[in-house]
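The figures that follow rest on heavy atoms only: side chains count, while hydrogens, waters and symmetry mates do not. Order of the sequence lines sets the chain letters (A, B, ...), proteins ahead of strands, with each chain counted from 1.
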Amino acid sequence: MPAASLLLDWYDRHRRTLPWREATRDPYRIWLSEVMLQQTTVAAVGPRWLRFLARFPDVGTLAASPWADVAEEWAGLGYYARARNLHACAQAVVARGGFPTTEAGLRELPGIGAYTAAAVAAIAFGREVVPLDGNVERVTARLAAIEDPLPGARPRLNRLAQHWMEQPAARARPGDFVQALFDLGATICVPRNPACAICPWLQGCEGQRSGIAPTLPRKAAKKARPLKRGVHFLLLDGAGRLLLRRRPPTGLLGGMLELPGTPWRETPWTEAEIPPFAPLPGLTWRALDGEAKHGFTHFELHMALRVATLPNSDAPDGEWLTPQAARAALPGTMQKLLDLAASAGALREG
DNA sequence: AATCCGGGGAC
DNA sequence: GTCCCAGGATT
């Protein structure tokens, strides 16, 4: 088994300097970083973590804040169920008087799965457990030359990874040891072209010895993504503000703001089907040229856009925001519709 | 076990 | 274009 001390020595010399590593073991800050880092790159999280903390400096502030504020702060980060669970988790933590300090206790909270429970337990509370993230999966699969494909191989990889923590050097510094594994996977044992020559665990890496390390871990084939289409509506009032509505609390972009529109489906929309979805169907809607394109995890989306100005009549239900405020509060998908409108000169903004 | 859930950066 | 990212919830 590769020596934990070799990895920790390497970590002490080469570890990444990251905002959430600033000598704090505040579980709130560790937890927030781990949730933001779920399927999200370190580079993307850095500034967002700092901005989030400035607005919600502690778990009590977050728990007491309205959802609309949390949604606005999370806009653009993706996977919005994380924000909903984050909000619910903060309220649960306040209700129980603080964060649980064990992996099992953390695992009970909303938005905290096997990985995040282990990561917070190890980093914030010094528990001896290895979180199995994409980095640890890759490092472990290569060290042990595991050729079984993910996700089926995950239980086996997890059992192997837990053994790293049994060494006294690792047990003396659990949080540092797991972050050393992250850094090894993020800077040396990377998916493509790993830098095996400078790896502190080169000796004892069976994947490297057998020459298959760069091809691991193997993964099951992925499904093709269908193309869906929708038509959205940009309604402007006399002051140049635009109408947004809030999506249902669960599902795709759940709880986030959007431009009103048709549902998204694979069958193209016929002209006769579209008007009932407009905020004011009787208005004269001008169709803009082009489409906004956005890729989701499991389908590709093309959105057309129609524009109208609100006459002196009853305004439909929704929220009226300036283009600047709308852009700040909208998920990336909807920001692309504003881009389309702006390029057509249909928007008053700076 | 399979599917749903964003967005961006590296290649 | 493809792949990946400090994954979780639901079915």
Side-chain angles (χ1 to χ4, degrees), chain A residues 15-16 18-21 30-49 71 74-86 88-89 106-124 129-139 149-155 158 161 175 177-187 189-194 214-215 217-226 228 247-256 258 264 293-301 330-336:
Chain A
R15 72 194 189 105
R16 295 173 289 176
L18 303 172
W20 46 91
R21 285 183 180 170
I30 302 298
W31 163 69
L32 177 64
S33 74
E34 292 302 340
V35 173
M36 283 191 172
L37 285 162
Q38 289 167 6
Q39 295 296 290
T40 308
T41 58
V42 164
V45 168
R48 300 300 298 263
W49 184 84
W74 201 273
L77 259 181
Y79 282 160
Y80 297 96
R82 294 187 295 174
R84 301 194 300 271
N85 287 327
L86 192 82
C89 184
L106 289 160
R107 182 65 183 78
E108 298 302 312
L109 293 168
I112 298 189
Y115 163 77
T116 304
V120 174
I123 298 169
V129 59
V130 176
L132 192 73
D133 74 326
N135 290 306
V136 180
E137 284 179 351
R138 186 169 55 253
V139 169
L150 289 171
R154 190 162 291 138
N158 188 47
F177 182 68
V178 304
Q179 294 183 88
L181 284 169
F182 298 159
D183 283 17
L184 186 69
T187 65
C189 198
V190 291
R192 284 172 293 204
N193 301 316
T215 73
R218 310 244 198 269
K219 298 198 174 181
K222 293 175 181 164
K223 256 182 52 178
R225 297 183 312 171
K228 296 189 180 184
R247 291 174 62 86
T250 60
L252 187 70
L253 305 176
M256 302 301 293
E258 69 171 357
W264 301 331
K293 301 178 180 179
H294 185 83
F296 287 103
T297 309
H298 51 298
F299 66 92
E300 177 76 18
L301 177 63
L330 286 170
T333 313
M334 295 293 151
Q335 293 179 16
K336 291 178 180 177

Quick test of the criterion, 5.5 Å between centres and less than 30° between planes. Is A/Tyr79 stacked on B/dC5 or not? yes
Tell me, do A/Val45 and A/Trp20 make a side-chain contact under 4.5 Å, heavy atoms counted? yes
Here's one to test your reading of the geometry: is the NZ or CZ of A/Arg247 within 45 degrees of the ring axis of A/Trp264 and under 6.0 Å from its centre? yes
In whole Å, what is the span from the NE2 atom of A/His298 to the C1' atom of B/dG6? 10 Å
Listing time: all N or O pairs from protein to nucleotides 9-11 of chain C that are below 3.5 Å?
{"unit_1": "C/dA9", "atom_1": "OP1", "unit_2": "A/Gly111", "atom_2": "N", "d": "2.7"}

If you compare every side-chain N and O of A/Gln39 against the phosphate oxygens of C/dG7 (OP1, OP2), does one of them come in below 4.0 Å? yes
Nucleotide nearest A/Arg192 when distance is taken to its side chain, options C/dG7, C/dA6, B/dA10: B/dA10
P-based separation of B/dC11 from C/dA6 [nearest Å]: 14 Å
From the list B/dG6, C/dC4, C/dA6, which nucleotide is the closest neighbour of the side chain of A/Tyr80? B/dG6
Side-chain donor/acceptor of A/Thr297 to base of B/dG6, under 3.5 Å: yes
Between NZ of A/Lys223 and P of C/dT2 the distance, given in whole Å, is 15 Å
Taking atom C1' in both B/dG6 and C/dC4, what distance in whole Å separates the two? 14 Å
Would you say the side-chain atoms of A/Glu34 pair up with the backbone N or O of A/Ile30, donor to acceptor, closer than 3.5 Å? no
A/Leu252 CG - B/dC5 C1' separation (whole Å): 7 Å
OP1 or OP2 of C/dC4 under 4.0 Å from side-chain N/O of A/Lys222: yes
Do A/Thr40 and A/Arg82 have a side chain donor and acceptor closer than 3.5 Å? yes
Can you check the A/Gln38 CD to C/dG7 C1' distance for me, whole Å? 5 Å
Measure CG/A/Leu181 against P/C/dA6 and give the value in whole Å, please. 13 Å
OP1 or OP2 of C/dG8 sitting under 4.0 Å from any side-chain N/O of A/Thr116? yes
When you measure from the side chain of A/Thr333, which nucleotide among C/dA6, C/dG7, B/dG7 comes out closest? B/dG7
